[in-house]
Amino acid sequence: MTVTLRQARPRDLDDLYRLEQAAFTGDRFSRRQLWHLLNRAHALTLVAEDEVAEGEAGRLVGYGALLFRRGSRRARLYSFCVHPAARGEGLGRRLVEALEQEALAQGAERLGLEVRADNRVALGLYRRLGFRLECWLESYYEDGCAGWQMVKVLAPPAEVVERAG
């Protein structure tokens with residue numbers, strides 16, 4: 001599978017909604033939430049598009065959305081999704097690494113996220129990519145499942161150099 005990453009566009013709304021439906025059984029984003037993410041939120045969304053024959057539209061096989069808060073050096077991986085048929089091929093890693101670069105470009109020094117405590121695959125991916133457990137979130141998801149808040153330092157803090165006077 002050949003996949004390209006690009007910034008999401010408002011016209012991707014229907015495909016993003018279908019991707020949410022295919023990838024999750026609960027805690028899915030509604031069309032309205034996805035619309036807001038694409039059009040109003042202080043956010044950046046990257047999509048992974050499966051390349052097809054020239055002239056045809058590609059199929060979205062994954063996406064990740066970053067939220068930014070004005071005045072904050074911490075970005076949040078707000079939503080992350082890989083189509084079940086595209087899992088296990090390194091797409092998740094590629095998407096997260098691209099999102100980290102986007103967060104750095106926006107001035108973020110830390111990247112935070114929440115993940116289901118029972119999602120061992122995602123927990124393993126995030127740990128391999130340098131995320132560390134930060135906080136346990138009891139009954140965080142709609143079905144009562146707990147979660148973990150995780151964080152990764154993207155850029156070391158500026159060093160303070162004292163000058164001898």
Side-chain angles (χ1 to χ4, degrees), residues 3-10 12-13 15-16 19-20 23-24 27-30 32-49 60-83 86-142 145-165:
V3 174
T4 57
L5 302 183
R6 64 170 172 81
Q7 190 163 345
R9 300 178 288 248
D12 292 322
L13 177 61
D15 290 332
L16 288 170
L19 185 57
E20 281 276 322
F24 301 119
D27 287 298
R28 297 178 181 134
F29 276 13
S30 67
R32 182 177 178 174
Q33 288 170 307
L34 289 166
W35 183 91
H36 182 78
L37 194 61
L38 293 172
N39 295 286
R40 297 275 189 235
H42 187 49
L44 180 136
T45 301
L46 292 181
V47 295
E49 189 172 50
L60 294 191
V61 292
Y63 85 95
L66 295 175
L67 289 184
F68 301 96
R69 181 174 288 160
R70 286 167 181 60
S72 175
R73 295 279 184 200
R74 183 173 176 149
R76 181 176 176 205
L77 180 55
Y78 185 59
S79 184
F80 185 75
C81 174
V82 174
H83 192 283
R87 292 179 184 159
E89 298 184 28
L91 179 56
R93 171 183 283 276
R94 189 170 160 210
L95 255 174
V96 173
E97 288 172 345
L99 290 162
E100 287 176 14
Q101 292 307 308
E102 294 289 347
L104 276 169
Q106 295 288 328
E109 294 176 357
R110 297 164 92 58
L111 180 57
L113 60 84
E114 294 82 31
V115 61
R116 288 179 65 97
D118 63 357
N119 190 341
R120 300 212 180 277
V121 173
L123 279 163
L125 171 66
Y126 297 139
R127 284 184 169 161
R128 285 190 304 279
L129 290 172
F131 286 84
R132 298 291 167 245
L133 300 175
E134 185 173 56
C135 180
W136 177 255
L137 305 166
E138 190 68 38
S139 300
Y140 185 73
Y141 291 93
E142 72 180 17
C145 185
W148 278 106
Q149 189 172 62
M150 300 181 82
V151 68
K152 179 177 182 175
V153 174
L154 299 178
E159 292 183 25
V160 178
V161 179
E162 293 186 31
R163 297 179 187 254

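Keep in mind that the numbers below use all heavy atoms, side chains included, and drop hydrogens, waters and symmetry copies.
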| Side chain to side chain, Val3 and Glu89, heavy atoms closer than 4.5 Å | no
| What residue among Arg128, Arg116, Met150 forms side-chain contact (heavy atoms from CB on, under 4.5 Å) with Leu123? | Met150
| Arg70 (side chain) donor-acceptor with His42 (main chain) under 3.5 angstrom | no
| message | Tell me whether the count of non-hydrogen atoms from other residues, nucleotides or ligands lying under 6.0 Å of CZ in Arg6 goes above 12. | response | yes
| task | Measure the shortest side-chain to side-chain distance between Glu114 and Tyr141 over non-hydrogen atoms and say whether it is less than 4.5 angstrom. | result | yes
| message | Contact between Arg87 and Val121 at the side-chain level, heavy atoms closer than 4.5 Å - yes or no? | response | no
| field | Value rounded to 0.5 Å, distance of CZ in Phe131 from CG in Leu125 | value | 8.5 Å
| Distance (rounded to the nearest 0.5 Å) between Thr45 OG1 and Leu34 CG | 8.5 Å
| side-chain contact (heavy atoms from CB on, under 4.5 Å) partner of Val47, chosen from Leu95, Leu60, Leu19 | Leu60
| Can you tell if the side chain of Leu5 reaches within under 4.5 Å of the side chain of Glu102, non-hydrogen atoms only? | no
| Which value, rounded to the nearest 0.5 Å, describes the distance between Leu67 atom CG and Leu77 atom CG? | 9.0 Å
| For Phe80, ring pair (Phe, Tyr, Trp, His ring centres under 6.0 Å) partners two or more places apart | none
| field | Sub-4.5 Å side-chain heavy-atom contact between Arg74 and Val151 | value | yes
